[in-house]
Number of protein chains: 2
Amino acid sequence: MPLTAKQGQLLKELKRCKGELSGQDLHARLRKGSRPMGLATVYRHLRQLQQLGEVRCRHLPSGEALYAPAERDEHHLTCVDCGSTTTLESCPVHSVHLDAGQLGGFRPLFHTLEFFGLCGECQQRHQGAAG
Amino acid sequence: MPLTAKQGQLLKELKRCKGELSGQDLHARLRKGSRPMGLATVYRHLRQLQQLGEVRCRHLPSGEALYAPAERDEHHLTCVDCGSTTTLESCPVHSVHLDAGQLGGFRPLFHTLEFFGLCGECQQRHQGAAG
DNA sequence: TTGAGAATGATAATGGTTATCACAAGTTGT
DNA sequence: ACAACTTGTGATAACCATTATCATTCTCAA
Ligand SMILES: [Mn+2]
Ligand SMILES: [Mn+2]
Ligand SMILES: [Zn+2]
Ligand SMILES: [Zn+2]
């Protein structure tokens with residue numbers, strides 16, 4: 001089941017970009033180039049590419065969804081106060097094995113692992129008040 | 001830094017409930033009982049309780065945020081097609097250690113680990129079309 | 001009692017995502 | 001080539017969870 005032209009175009013743009021992109025970001029980029037793509041089509045194909053295991057997605061605390069090629073196995077530390085994020089150097093669960101009993105027929109395509117907490121700056125800022 | 005009365009009330013309601021609750025769910029429950037709480041206050045305290053490490057939150061593919069006591073270290077298999085979720089029996093990263101170099105001053109409060117893929121039913125449904 | 005500051009909540013505003021639906025493009029059969 | 005049908009597309013409207021606003025209420029120390 002090869003990707004359609006529009007799906008390939010979208011995935012190519014995602015891969016070209018170093019970081020993660022929101023649906024809106026992606027639409028803005030694709031709209032600029034030749035062969036623009038409507039917003040509805042962007043979201044449609046993002047969902048389809050997820051179901052094909054080509055794209056993964058995570059949600060910021062703000063609720064905004066960020067997309068990236070599923071092959072990028074990256075995870076983050078996110079501050080629950082200021083929202084700043086830093087990327088981990090490696091995936092801590094790269095090797096975890098889920099046995100068939102737990103899977104129960106489920107076929108994993110990708111995973112999200114995110115650590116939430118307080119960044120150094122926000123800890124200092126709250127020190128005075130919270131002790 | 002003990003919790004305020006309203007914060008405690010909210011956390012108590014979260015703990016009383018077996019599953020995860022959305023902000024709207026929580027507001028609906030609290031509104032029924034004596035001592036109702038406004039929607040704005042619910043969301044305010046959910047954020048504060050997250051910053052205190054008392055509450056964690058994850059996002060469904062739909063974007064809806066679900067909250068639970070942070071002490072509940074649960075993770076899920078979620079179908080990217082029908083959205084059904086099943087809970088894992090144990091946390092695969094319960095023991096992972098992030099070294100100080102990776103943390104860089106960051107103080108972890110909780111984590112989310114979610115596996116996305118296709119449930120058994122959806123795999124069968126797509127078999128005919130996709131081969 | 002009184003006034004400053006914090007907490008509360010009804011309501012409006014925001015904005016990312018999804019649903020609609022009319023149209024374009026592709027496919028099949030004759 | 002043509003009609004009949006299916007699939008893909010995208011401008012727009014609708015949705016709805018979350019956030020911002022702001023007037024009111026509460027807290028508590030002076
Ligand atoms: Mn990983
Ligand atoms: Mn865990
Ligand atoms: Zn921070
Ligand atoms: Zn499914």
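Fair warning: this is a prediction, and the values are worked out from it, not measured in the lab. Below, read A as the first sequence line, B as the second, and so on, with proteins coming before strands; counting in each chain starts at 1.
Closest approach to the B/Ala40 side chain among D/dA17, D/dA20, D/dA11 is made by D/dA20 (side chain taken as heavy atoms from C-beta onward).
Residue-level contact check: A/His45 touches the backbone only, with heavy atoms under 4.0 Å from sugar-phosphate atoms and none from bases.
Separating the OH atom of B/Tyr43 from the P atom of D/dT21 is a distance of 18 Å, rounded to the nearest angstrom. Residue A/Arg47 contributes atom CZ, which lies 14 Å from atom P of D/dT9 at whole-angstrom precision. Atom CD in B/Gln24 sits about 16 Å away from atom P in D/dC15, given to the nearest Å. Atom pair A/Arg35:CZ and D/dG8:C1' shows a separation of 15 Å (rounding to whole Å applied). If you take CD of B/Glu64 and C1' of D/dC16, they are 10 Å apart, rounded to a whole angstrom. The CG-P distance, from B/Asp25 to D/dA17, rounds to 9 Å in whole Å. Spacing between atom CG of A/Leu39 and atom P of D/dT12 amounts to 12 Å, rounded to whole angstrom units. Atom CG of A/Leu10 is separated from atom C1' of D/dG8 by 14 Å (rounded to the nearest Å).
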For this session: Could you walk me through whether B/Leu10 and B/Met37 pass the side-chain contact (heavy atoms from CB on, under 4.5 Å) test, one step at a time?
Result: CA-CA 9 Å; B/Leu10 198 159; B/Met37 193 184 302; 4.1 Å; yes
Problem set entry | side-chain contact (heavy atoms from CB on, under 4.5 Å) between A/Tyr67 and A/Gln50, worked out | CA-CA 9 Å; A/Tyr67 299 86; A/Gln50 267 190 93; 3.7 Å; yes
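Nearest heavy atom pair, residue A/His75 against residue A/Pro92, reads CD2-CD, 4.2 Å. Of all the heavy atoms in A/Glu74 and A/Glu114, the pair that sits closest is O-OE2, 4.4 Å. The heavy-atom pair separating A/Cys91 from A/His111 by the smallest distance is SG-NE2, 3.6 Å.
For B/Thr41 and A/Gly23, each mapped to the nucleotide of DNA chain C holding its nearest heavy atom, the one lying further toward the 5' end belongs to B/Thr41. Nearest-nucleotide positions on DNA chain D for B/Arg44 and B/Ala65 put B/Ala65 closer to the 5' end. Nearest-nucleotide mapping onto DNA chain C: of B/Pro61 and B/Arg31, the residue sitting toward the 5' end is B/Arg31.
Between A/Phe116 and B/Phe110, the angle of the ring planes stays under 30°, which puts this pair in the parallel group of the 30/60° scheme.
Looking only at distances, no side-chain donor or acceptor of B/Glu20 sits under 3.5 Å from a matching main-chain atom of B/Pro69. For A/Arg29 (side chain) and A/Leu21 (main-chain N/O), no donor-acceptor pair under 3.5 Å exists by modelled atom type.
Shown here are the ring pair (Phe, Tyr, Trp, His ring centres under 6.0 Å) partners of A/His59, two or more places apart in sequence or in another chain: B/His59.
Five base pairs at each end of the helix from C/dT1-D/dA30 to C/dT30-D/dA1 define two local axes, and these are offset by 20° (rounded to 10°).
Contact footprint of chain B on DNA chain C: nucleotides with an atom under 4.0 Å from a non-hydrogen protein atom, first to last in 5' to 3' order, C/dT8 to C/dA10.
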